[in-house]
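Contents: one structure, followed by commentary.
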Amino acid sequence: MKTLAIIPARGGSKRLPGKNTKRFLDVPLIAWSIRFAQRQPRFDKVVVSTDAEEIADASRAEGVDVPYLRPAALATDTATSAAVVLDILARERQVGNSFDLVALLQPTSPIREPSRWTEAFVHIDGGDADAVIGVAPADPHPNHAFHWEQGGKLRPFADGKQITLRSQDLPPVVYVAGNMYLIRSTVLEAQGGFFPTRTVGVLCDQPCEAVDIDTEADWVAAEALAKHYGKSP
């Protein structure tokens with residue numbers, strides 16, 4: 001099965017301007033995802049989707065294809081990743097390229113473990129999943145959370161009886177880590193999203209894996225973790 005790897009990198013970040021080309025441990029943030037994708041044997045083509053010339057130039061400097069700048073309608077705050085990917089699939093089809101699978105690598109999650117992708121492809125190859133996403137343990141546990149209501153009133157987010165239980169006594173809960181999406185192209189085109197019914201999660205529980213850089217504080221924490229654990233692109 002042929003796989004198209006897509007790295008979406010919009011230029012209009014408001015909370016952390018210029019983050020995709022900002023140097024993360026002295027390497028442009030987007031280059032971390034590009035270099036990872038270039039090393040994956042199951043990726044047949046790597047494409048960066050961006051609306052910014054600066055990001056396009058940084059991507060091309062890494063040897064990756066940026067065939068066109070993203071249309072303005074797909075570069076807004078409300079444009080979804082699925083819409084961006086579907087646009088690329090349609091354009092690839094117009095030039096005679098077809099792909100069975102799509103891998104989405106968000107540059108804001110720069111640190112990945114290759115073994116997680118190996119596991120993801122095992123699920124796809126085995127036919128037990130139409131999509132695979134990276135997930136991480138939820139901490140704090142949502143059963144220890146509250147709704148914040150008018151006047152500062154607290155209402156348990158889940159079962160009120162579990163609010164007093166220790167974390168280790170609660171059922172395992174995970175959240176979308178943001179570092180890995182793999183889906184069958186036909187399923188994405190039919191359903192328009194990355195979470196079809198037959199979605200399987202791959203647990204990403206090592207330090208740095210579930211980093212999602214959106215703010216300056218995220219950046220500082222992520223860079224400190226990456227440096228501490230000796231990570232490199």
Strictly below 4.0 Å, N to O, side chains only: are [X] and [Y] in salt-bridge contact?
X   : Y    : answer
D77 : R10  : yes
D65 : K45  : yes
K22 : E223 : no

Report yes or no: does [X] contribute a side-chain atom to a donor-acceptor pair with the main-chain N or O of [Y] at less than 3.5 Å?
X    : Y    : answer
R93  : I88  : no
Q38  : E62  : yes
S185 : D100 : yes
W117 : R112 : no
R184 : V102 : no
N143 : I163 : no
R42  : T3   : no

Atom of [X], atom of [Y] and distance for their closest heavy-atom approach:
X    : Y    : answer
L105 : A5   : CD1-CB, 4.1 Å
S109 : G178 : OG-O, 3.4 Å
P137 : C204 : CD-O, 4.2 Å
A226 : C208 : N-SG, 3.9 Å
R70  : A9   : NH2-N, 3.4 Å

Report the distance from atom [atom1] of [X] to atom [atom2] of [Y], rounding to the nearest 0.5 Å.
X    : Y    : atom1 : atom2 : answer
L4   : F43  : CG    : CZ    : 9.5 Å
N20  : W32  : CG    : CH2   : 14.5 Å
L16  : D218 : CG    : CG    : 8.5 Å
F99  : L89  : CZ    : CG    : 8.5 Å
T21  : L29  : OG1   : CG    : 9.0 Å
T118 : H123 : OG1   : NE2   : 11.5 Å

Less than 4.5 Å apart, any side-chain heavy atom of [X] and any of [Y]?
X    : Y    : answer
I34  : S59  : yes
V47  : P67  : yes
F194 : V132 : no
P233 : S33  : no
R91  : N97  : no
H144 : Q162 : no
T50  : L69  : yes
K19  : T108 : yes

If hydrophobic clusters are built by linking Ile, Leu, Val, Met, Phe, Trp and Tyr wherever their side-chain heavy atoms come under 4.5 Å apart, do [X] and [Y] end up in the same one?
X    : Y    : answer
I111 : Y229 : yes
M180 : F121 : yes
V202 : L182 : yes
L101 : F36  : yes
L104 : V84  : yes

Could you walk me through whether L86 and E189 satisfy the side chain to side chain contact (heavy atoms under 4.5 Å, CB included) test, starting with their C-alpha distance in whole Å, then the side-chain angles of each, then the deciding distance to 0.1 Å, before giving a yes or no? CA-CA 7 Å; L86 290 171; E189 290 172 326; 3.6 Å; yes

Test side chain to side chain donor-acceptor pair (under 3.5 Å) on T215 and R15; report intermediate values, then the result. CA-CA 6 Å; T215 66; R15 286 187 281 186; over 6 Å; no

Which is it for H147 and K153 under the side chain to side chain contact (heavy atoms under 4.5 Å, CB included) test, yes or no, and what are the steps along the way? CA-CA 8 Å; H147 291 280; K153 294 181 180 179; over 6 Å; no

Residue list, salt bridge (charged side-chain N to carboxylate O under 4.0 Å, His left out) with D57, at least two apart or on another chain: R60

All salt bridge (charged side-chain N to carboxylate O under 4.0 Å, His left out) counterparts of E54, not counting sequence neighbours: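 Result, salt bridge (charged side-chain N to carboxylate O under 4.0 Å, His left out) vs E54: none returned.
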
Between M1 and I124, does a side chain to side chain contact (heavy atoms under 4.5 Å, CB included) hold up when you go through it step by step? CA-CA 10 Å; M1 289 188 288; I124 292 291; 3.6 Å; yes

Could you give the side-chain donor-acceptor pairs of residues 164-174 under 3.5 Å, partners two or more places apart or in another chain?
residue: R166; atom: NE; partner: D169; partner atom: OD2; Å: 2.9
residue: R166; atom: NH2; partner: D169; partner atom: OD1; Å: 3.2
residue: R166; atom: NH2; partner: D169; partner atom: OD2; Å: 3.2

Verify side chain to side chain contact (heavy atoms under 4.5 Å, CB included) between I213 and F24, making sure each step is shown before the conclusion. CA-CA 11 Å; I213 300 173; F24 185 86; 3.7 Å; yes

K227 atom NZ: more than 12 heavy-atom contacts under 6.0 Å: no

Just to verify, what does [X] make a side-chain contact (heavy atoms from CB on, under 4.5 Å) with, not counting sequence neighbours?
X    : answer
T76  : T78, A79
E113 : S115, R116, E209, K231
P196 : D130, A131, I183, V187, Q191, T199

Are F157 and F146 an aromatic pair by the rule of ring centers under 6.0 Å?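 Distance test on ring centres: not under 6.0 Å, no.
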
